[in-house]
Amino acid sequence: MTGGIAAYKACELTRLLVKEGHEVRVVMTDAATRFIAPLTFQALSGRLVHTAWLDATAEAGMGHIELARWADAVVVAPASADFMAKLAHGLADDLLSTLCLATSAPLYLAPAMNRLMWQHPATQANGAVLQSRGAMLLGPAEGEQACGETGAGRMLEPAEIIALLHGKGLLYGVRVTLTAGPTREPIDPVRVLSNRSSGRMGFALAAAAREAGAEVRLITGPVALPTPSGVVRSDVETAEQMHKAVLEALPHTDIFIAAAAVADYRPAQAASHKIKKHAAALSLELERTPDILAAVATASPRPFCVGFAAETEDLLSNARTKLKNKRLDMIAANRVDQGLGIEQPDNALEVLWSGGQRSLQRAPKERLARELIVLIGERYFQTRDTRTS
Ligand code: CTP
């Protein structure tokens, strides 16, 4: 534990872990002991609490290296901004930071801090560095904070932390349907209208949702990508077929993520024979395709709806308009230039919802997908809890 008001939740976390039959050794930083007395954790864990570093008596009991070897998992809850910074730089000037450096056990961090501290580029960068080294960030959640502000920074609830430690994932048991890839609208038997979408973001999201424990259906246009393991895949060609497949999946969908680049228009009449090049010019009459996402968002009952917006200008205002007009719960907007977006391995996203916004920094689509799935999961549970309470 590091110092923070969320330390009170660590009492419940300790109690639940012990109740499940785990052996828990509590290590507290000096700041943590100012929030809750070590005696409380001694009573809850049934063991002496470790606070001192380089203390001859304490090291004789179980020193920092032995503690690091003993643990099957190290969970820092709450993890303060200061502690994340320290760890990102490999500092080891107290028992907890030394232990985290010296352990080969999986390291979990449950950040808890004021929303501006969490959003600060320094904290975000530290989190990204720690994740890239294999540390797993559990949360933080959005919501009301002890400081009176509302936003991302709350420590996850102890039961949520335990579910994540069990590998059950944030979306355990939640049914997620995704669309991905381009659609192909026939002009004649050999030609199509399509776009450059590779499907990679949609497939990465499907994999990340599955990793987070969801039951995942992926409805995809033509792409050259393998099906992520554990994902149920349906292949379609046209917007019309995608629309039909999505509506069929709707009764089994809690979260709908529309990552497909659906053609907005299709040839009004597909020629039944190959069009010959007799004329000097050729006009095609196009008609609108069904807006799948808008149809799902206006269905009743409706799942939690997440849309994508690829924009070349006025990113935020266009995305906010789409969020509102299509009645979405969340929209992920990306700029399709500067080597980002369509056909590119990297992406960067501005994620918007009613009353909130988060920037996901440029990263490979796989990593971005994991971050987006966490955000979707948190918002999904919050919206659901508000609706049902
Ligand atoms: N979408 C959909 N069905 C369509 C068109 C789009 O489900 N027929 C979904 C996409 O999967 C994406 C979002 O809607 O999640 C994109 O919104 P849209 O307003 O269609 O974006 P653009 O096509 O970029 O719109 P515009 O050209 O108006 O900017």
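Atoms within a ligand are numbered from 1 in the order they appear, just like the ligands themselves.
Within the 3.5 Å criterion, the main-chain N or O of R288 finds no donor-acceptor partner in the side chain of D264. Looking at D314, its side chain never comes within 3.5 Å of a backbone N or O of S317 through a donor-acceptor pair.
Grouped with L316 in one hydrophobic cluster are I219, V236, M242, V246, L247, L250, F256, V262, I292, L293, V296, L323, L328, I331, L352, the linkage being side-chain heavy-atom contacts under 4.5 Å among Ile, Leu, Val, Met, Phe, Trp and Tyr residues.
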Mind listing the N or O contacts between ligand 1 and protein, cut-off under 3.5 Å?
| from | atom 1 | to | atom 2 | distance (Å) |
| --- | --- | --- | --- | --- |
| ligand 1 | 3 (N) | I292 | N | 3.0 |
| ligand 1 | 7 (O) | L293 | N | 2.9 |
| ligand 1 | 8 (N) | P290 | O | 2.8 |
| ligand 1 | 11 (O) | A258 | O | 3.2 |
| ligand 1 | 11 (O) | A260 | O | 2.7 |
| ligand 1 | 14 (O) | K326 | NZ | 2.9 |
| ligand 1 | 15 (O) | A258 | O | 2.6 |
| ligand 1 | 15 (O) | F308 | N | 2.8 |
| ligand 1 | 15 (O) | F308 | O | 3.4 |
| ligand 1 | 17 (O) | K326 | NZ | 3.0 |
| ligand 1 | 19 (O) | K326 | NZ | 3.4 |
| ligand 1 | 20 (O) | K326 | NZ | 3.4 |
| ligand 1 | 21 (O) | K322 | NZ | 3.1 |
| ligand 1 | 23 (O) | D264 | OD2 | 2.9 |
| ligand 1 | 24 (O) | K322 | NZ | 3.3 |
| ligand 1 | 25 (O) | K322 | NZ | 3.4 |
| ligand 1 | 29 (O) | K322 | NZ | 3.0 |

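In terms of the salt bridge (Lys or Arg N to Asp or Glu O under 4.0 Å) criterion, R327 has no residue partners (sequence neighbours excluded). Every salt bridge (Lys or Arg N to Asp or Glu O under 4.0 Å) that K9 has, sequence neighbours left out, goes to E157.
Between E211 and R370 the shortest side-chain heavy-atom distance falls below 4.5 Å.
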